[in-house]
2 protein chains.
Amino acid sequence: MKITSRFTVAVHTLLAIHTFEGSDKTTSEFLAASVNVNPVVIRRILQSLKAAGMVEVRAGSGGAHIAKPLEDITLYDVYRAVDCVEGELFHFHEHPNPDCPVGRNVHALLDGRLAAAQTAMENELRRTTLKDLADELPAA
Amino acid sequence: MKITSRFTVAVHTLLAIHTFEGSDKTTSEFLAASVNVNPVVIRRILQSLKAAGMVEVRAGSGGAHIAKPLEDITLYDVYRAVDCVEGELFHFHEHPNPDCPVGRNVHALLDGRLAAAQTAMENELRRTTLKDLADELPAA
DNA sequence: TTTCGTTGTAATAATTGACATTACAGGATG
DNA sequence: CATCCTGTAATGTCAATTATTACAACGAAA
């Protein structure tokens with residue numbers, strides 16, 4: 001099982017807007033060409049990013065723009081914005097047998113550990129900002 | 001997107017074998033009753049655990065047994081054994097536009113960071129052994 | 001104000017993976 | 001050899017992802 005590509009597509013999209021706004025009209029179609037997905041996919045992701053206050057999208061005239069300094073957007077923020085993982089990363093089998101001492105307790109035993117693992121991953125995503133990435137991009 | 005429940009089912013299964021072998025015949029059907037899944041699911045997971053040297057399963061006579069000290073089995077080992085995540089946790093969009101400076105470079109920019117996040121999660125799983133869990137189980 | 005390019009969003013389909021379930025051949029043991 | 005089991009293939013269902021078409025609403029410019 002993999003985390004949906006919405007996440008990497010969203011990061012890609014933000015970097016592309018940053019790179020091209022000013023020189024090009026960053027429409028969903030333009031962005032879709034860089035990412036190589038359907039423009040509708042980009043529009044939906046832009047909606048999520050807009051809801052998170054990261055971009056501004058103009059309805060009629062077209063074009064998306066960065067609405068927040070890149071150094072204030074971490075990979076974790078994007079990950080959250082596009083909702084890659086609803087709630088828990090690990091999937092529990094729902095109905096262990098309550099009449100079994102193991103079944104009755106697995107959930108409690110594991111929950112904390114699994115949450116810690118997920119948090120460790122998420123904290124690692126917090127360490128990178130989009131500015132870090134933009135700075136490493138060769139000049140357009 | 002969630003990581004398959006095979007992982008938590010496998011941990012549950014190992015703990016159940018540990019708890020009941022000696023007092024009960026730990027057949028796939030018996031274990032399935034504790035976890036509350038189909039016995040075939042258990043048999044398939046037992047195959048993975050056997051391949052990883054964690055259990056021994058007897059073909060004709062029935063019953064699974066722990067084949068390795070619980071303190072030598074970490075959550076990470078189980079996670080690996082059942083192959084929750086084939087390779088990379090994060091899913092990349094496969095064909096970004098190579099003619100775009102962003103498309104050409106996103107992969108390289110992100111790969112290291114995403115791998116670090118995944119590793120952080122996996123390292124956290126290494127911190128818990130099945131013995132830790134078994135010790136916290138109320139006596140059968 | 002009409003036109004034109006874009007966004008926002010619904011509807012639909014294709015694809016994929018998980019999990020359940022049935023079925024049965026082939027061990028092991030009394 | 002009769003009886004439990006395991007090992008595994010085949011099939012079905014369900015949910016989530018992504019692609020794609022279609023179109024109403026919107027904004028700016030002619």
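In what follows, chains carry the letters A, B, and so on, assigned in the order in which the sequence lines appear, proteins first and then strands, with residues in each chain numbered from 1.
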From [atom1] of [X] over to [atom2] of [N], roughly how many Å is that when rounded to an integer?
X: A:Ile17; N: C:dT7; atom1: CD1; atom2: P; result: 11 Å
X: A:Leu31; N: C:dT6; atom1: CG; atom2: P; result: 12 Å
X: B:Arg43; N: C:dC24; atom1: CZ; atom2: C1'; result: 11 Å
X: A:Gln47; N: C:dT6; atom1: CD; atom2: C1'; result: 12 Å
X: B:Glu29; N: C:dT22; atom1: CD; atom2: C1'; result: 14 Å
X: B:Glu86; N: C:dT16; atom1: CD; atom2: P; result: 13 Å
X: B:Phe90; N: D:dT17; atom1: CZ; atom2: C1'; result: 17 Å
X: B:Asp24; N: D:dC5; atom1: CG; atom2: C1'; result: 16 Å

Tell me whether the OP1 or OP2 atom of C:dG8 has a side-chain N or O from A:Lys50 closer than 4.0 Å.
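It does, given that an N or O in the side chain of A:Lys50 lies less than 4.0 Å from OP1 or OP2 of C:dG8.
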Distance below 4.0 Å between B:Ser28 side-chain N/O and D:dT6 OP1 or OP2
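Yes, B:Ser28 has a side-chain N/O under 4.0 Å of OP1/OP2 on D:dT6.
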Can you check side chain to side chain contact (heavy atoms under 4.5 Å, CB included) on B:Thr74 and B:Thr128, steps first, answer last?
CA-CA 6 Å; B:Thr74 69; B:Thr128 303; over 6 Å; no
Could you list, one pair per line, each protein nitrogen or oxygen that sits under 3.5 Å from a nitrogen or oxygen of nucleotides 19-21 of chain C, together with the distance?
| from | atom 1 | to | atom 2 | distance (Å) |
| --- | --- | --- | --- | --- |
| C:dC19 | OP1 | B:Ser5 | N | 3.2 |
| C:dC19 | OP1 | B:Ser5 | OG | 2.5 |
| C:dC19 | OP2 | B:Thr4 | OG1 | 2.5 |

Kindly determine whether A:Glu94 and B:Lys2 satisfy salt bridge (Lys or Arg N to Asp or Glu O under 4.0 Å), including the steps that lead there.
CA-CA 13 Å; A:Glu94 299 296 342; B:Lys2 290 183 186 302; over 6 Å; no
Does B:Arg127, at its CZ atom, have more than 12 non-hydrogen atoms belonging to other residues, nucleotides or ligands within less than 6.0 Å?
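At most 12 heavy atoms, drawn from other residues, nucleotides or ligands, come within 6.0 Å of this atom.
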Any residue meeting salt bridge (charged side-chain N to carboxylate O under 4.0 Å, His left out) with B:Glu86, in chain and number order, not counting sequence neighbours
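Testing B:Glu86 for salt bridge (charged side-chain N to carboxylate O under 4.0 Å, His left out), a comparison that skips the adjacent residues, returns none.
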I'd like to know if the side chain of A:Asp132 reaches the main chain of A:Thr129, judged simply by a donor and an acceptor atom lying under 3.5 Å from each other, with no hydrogens or angles considered.
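Looks like yes, one N/O pair under 3.5 Å.
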With no hydrogens and no angle check, is any side-chain donor or acceptor of A:Glu124 less than 3.5 Å from a backbone partner on B:Ala116?
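Answer holds: no.
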Over all strands shown, is B:Lys25 touching base, sugar-phosphate only, or nothing at heavy-atom distances under 4.0 angstrom?
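Sugar-phosphate contact only - B:Lys25 comes under 4.0 Å of backbone atoms but never of a base.
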Could you tell me how the ring of A:Tyr79 sits relative to the ring of A:Phe7: parallel (under 30°), tilted (30 to 60°) or perpendicular (over 60°)?
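Ring orientation, 0 to 90° scale: perpendicular.
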Parallel, tilted or perpendicular, judged at 30° and 60°: which one describes the rings of B:His12 and A:His93?
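It falls in the tilted class, 30° to 60°.
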Do any N or O atoms of the protein come closer than 3.5 Å to N or O atoms of nucleotides 25-30 of chain D, and which pairs are they?
none

If you look at every heavy atom in B:Ala16 and A:Val102, which pair is closest and at what distance?
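Nearest heavy atoms, B:Ala16 then A:Val102: CA-CG2, 3.9 Å.
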